[in-house]
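Residue numbering restarts at 1 for every chain, and letters A, B, ... go by the order of the sequence lines. Quantities reported herein were computed from a predicted structural model and do not represent experimental measurements.
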Amino acid sequence: MKLKSHINHIIQEAFVKAGIEHEAISVSESTKAEFGDFQFNGAMALSKKLGKNPREIAETLIKHLDLDTILSKAEIAGPGFINLWLNPLWLALQCEVAQKDARLGVEKRAAPMKVVVDYSGPNMAKQMHVGHLRSSIIGDTLANLLSYLGDEVIRQNHIGDWGTQFGMLIAYLEEMHKEGSVSLKDLEQFYKDAKGRFDADEAFANKAREYVVKIQSGDAHCLALWQQFIAISLGHCEEVYDKLSVKLTRDDVRAESFYNDDLSRVVRDLYGKGLLKESDGAQCVFLEDEEIPVMVQKSDGGYLYATTDLAALRYRAGTLGAKRILYVVDARQAGHFKQVFRLAKEAGFVPGDVALEHVAFGTMMDKGGKPFKTRDGGTVKLIDLLDEAVLKAQDTIKDKSSYTPEQIDALAKIIGIGAVKYADLSINRESNYIFNWDKMLSFEGNTSLYMQYAYARIQSIFRRYDGAIEGHIMISDPLEHRLCVLLLGFEDVLNRAAVDAAPNQITSYLYELATLFMRFYEQNPILKEGVKQEIKMSRLVLADLTAKTMKQGLNLLGIEVVDAL
RNA sequence: GCGCUUGUGGCUCAAUGGAUAGAGCAUCAGACUUCGGAUCUGAGGGUUAGAGGUUCGAGUCCUCUCAGGCGUACCA
């Protein structure tokens, strides 16, 4: 339910009745319980425009406010705040409706938007490392979220299967006379060796650059070797996605190489539009007020990632017909995307009304605030990190004796992976993220385990009760009132998180929901003796809606819930 | 040098331009014949890096300073 929209509508009606014209101003959640459920601060903002003092405007508004259905009370406070209370009867009824609804009252968008979410994007020359974690889970969450809200989501895994590093690998391969199948671990070491040669030997580096052009021109021998790398590497990625419950499949793969045939056309079209300029033998676009040009073709004829990104942008906006394109990529590439997005629009590759957003995220750091590395300074393989998470999660299971080994495995997987994901998703994605096992596997604070515990505790109520949950909600307690308001605000939170591409808004909400329910439950017994049947039912319905909302929210984050832990 | 970005209690983080800046961890003090105490209640702890400015109102917007991170054309 779009709770705020309903309230905004009532306010808007009051303005119309009062004969005041203004641009819409939305209510916001009250900052304190004594200020009601929502507050309207628009009177202050309108004061200058209308030439009246804000309290006067607020008084006029309040006179015309419908306080009979959704709202039950309105008060003016301070310089002209209007504090609003929701009608408990209406709240109760709406929560009942939500509890019976499979979508919990969350509406699907009337006008779905076609959205491309570009995320994960591992490099095929190497194994996935922790650097891919954030993109993979933030991107997957955004895709889940937008899809749930009714958008038509197209996931795109822009895997790095092309570029100079492959020239390097193939040049090294030839030098080593190595052919045939290469195991994954070998590939990792192989990359390191090749890189070592590349950095140390200028002649080799030049050869590698030549080979880039060679694969780009379709040399059969090179291509065959190249495909081996891709097959092995993609298989590894799928193993990681499976462990992570990230919903990327082969169908979502649009590799860099997918755009190969289009690259020369991109350059030609830029030339045709008079945007291209040769600089030191390279083809560049110099954007106004930009110090560094966008280079689309190197002096040796090879293309660059800007070229591929331009081709991908055109494909996504044109062929796929996306109206919003999200790039879930490390914040360090902000400069690149700023330029490429701008150029894509100036060159007419992407229509002006298509939203291009770089969903940037910060670097993953260790406890000491240093970039996350292994003890010897190497990159941490993602698969190792996930396996460690599952192992550590086993230790958090309290009563291991009551489970079979299989159950413990299943539980540990859900808990461990969930903890890794929740910890990441629960912070503002733009700041650097400090990775801390102890914190993420704690039962205290805004953690996955606290959420799991809260959920399991509600499920345990239902196990004890073991009957049909059918009845009416009767709000008789301030905490109960707040709980209902919070529950009905679910859709507003999801929408806002979707607009801002900010999963941490969902986790904040879920944590608030869980703690509020715990407090409510502490003070309002459900199954204890002496609780009247009607009250018991009312609280069971509320508990059920709370649990369902938690489950749905966690599922959007790609986290499963368990009924007991 | 230039550009982007961050700076909020001891620590990790919140906060559409709105009221007295909120949580959690840690610390201290409480509640238990547990509807799962892996819980709940309470307390202390802040000049939102600093200085100006815009505004009825600034952690939030603008300018400058300081500090950190990142980027800075033939890698992606």
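A cation-pi contact, defined as under 6.0 Å to the ring centre and within 45° of the axis, is absent between A/Arg197 and A/Tyr172.
In the set B/G36, B/C13, B/A76, B/C13 carries the atom at the smallest distance from any side-chain atom of A/Ile434. Counting only heavy atoms from C-beta on, A/Lys48 has its side chain closest to B/C56 among B/U39, B/C35, B/C56. In the set B/A19, B/G36, B/C56, B/G36 carries the atom at the smallest distance from any side-chain atom of A/Tyr453.
Comparing the same atom, P, in B/G7 and in B/G50 gives a spacing of 13 Å after rounding to whole Å. When the P atom is compared between B/G59 and B/C66, the two are found 24 Å apart, to the nearest whole Å. Separating the P atom of B/G42 from that of B/U48 is a span of 26 Å, rounded to the nearest Å. Between B/C56 and B/U41, the two P atoms lie 41 Å apart (nearest whole Å). The P atoms of B/U16 and B/U54 are separated by 25 Å, rounded to the nearest whole Å. One P atom belongs to B/U60, the other to B/C75, and the distance between them is 42 Å to the nearest Å. Comparing B/G10 with B/G52, their C1' atoms sit 31 Å apart, to the nearest whole Å. Separation of the P atoms belonging to B/U63 and B/U27 is 44 Å when rounded to the nearest angstrom.
Screening A/Gln156, A/Arg254, A/Arg316 for a side chain to side chain donor-acceptor pair (under 3.5 Å) with A/Asp118, the sole residue that qualifies is A/Arg316.
The phosphate of B/U39 (OP1 or OP2) has no side-chain N or O of A/Arg519 nearer than 4.0 angstrom. Distances shorter than 4.0 Å separate some side-chain N or O of A/Tyr450 from OP1 or OP2 on B/C40. Not one side-chain nitrogen or oxygen of A/Arg539 sits closer than 4.0 Å to the OP1 or OP2 atom of B/C35. Listed pair A/Arg457 / B/C35 fails the phosphate criterion, with no side-chain N or O lying under 4.0 Å from OP1 or OP2.
Donor-acceptor pairing under 3.5 Å is recorded for the side chains of A/Gln165 and A/Asn123. For the residue pair A/Ser426 / A/Asn446, no side-chain donor-acceptor distance below 3.5 Å is found, with atom types taken as modelled. One side chain, A/Ser476 or A/Glu480, offers a donor N or O that lies under 3.5 Å from an acceptor on the other.
A/Phe35 has its side chain out of reach of A/Glu75: every pair of non-hydrogen atoms, C-beta onward, lies at least 4.5 Å apart.
Of the nucleotides present, B/G22 is the one that pairs with B/C13 by Watson-Crick or G-U wobble criteria, both distances under 3.5 Å. Base pairing of B/U60: no nucleotide in any strand meets the Watson-Crick or G-U wobble criterion (both distances under 3.5 Å). Across all strands shown, nothing is found opposite B/G37 as a Watson-Crick or G-U wobble partner with both distances under 3.5 Å. Within the shown strands, B/G1 is the pairing partner of B/U72 under the Watson-Crick or G-U definition, both distances less than 3.5 Å. Pairing partner, B/G7: B/C66, with both Watson-Crick or wobble hydrogen-bond distances short of 3.5 Å. Using N1 to N3 plus N6-O4 or O6-N4 for Watson-Crick, or N1-O2 and O6-N3 for G-U wobble, each under 3.5 Å, B/G45 pairs with nothing.
Using a 4.0 Å heavy-atom cutoff across all strands shown, A/Pro525 reaches at least one base atom of the nucleic acid.
Mapping A/Asp563 and A/Gln523 onto RNA chain B via the closest heavy atom, the residue that lands nearer the 5' end is A/Asp563.
Contact of A/Gln39 with B/A19 (side chain to base): a donor-acceptor pair of N or O atoms is detected under 3.5 Å. A donor and an acceptor atom sit less than 3.5 Å apart, one in the side chain of A/Asn83 and one in the base of B/A19.
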With the criterion being N/O to N/O and under 3.5 Å, what pairs connect the protein with nucleotides 70-73 of chain B, and how long is each?
unit_1, atom_1, unit_2, atom_2, d
B/A73, N1, A/Ser279, OG, 2.9

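Every residue meeting the side chain to side chain donor-acceptor pair (under 3.5 Å) condition with A/Asp161, not counting sequence neighbours, appears here in chain and number order: A/Ser257.
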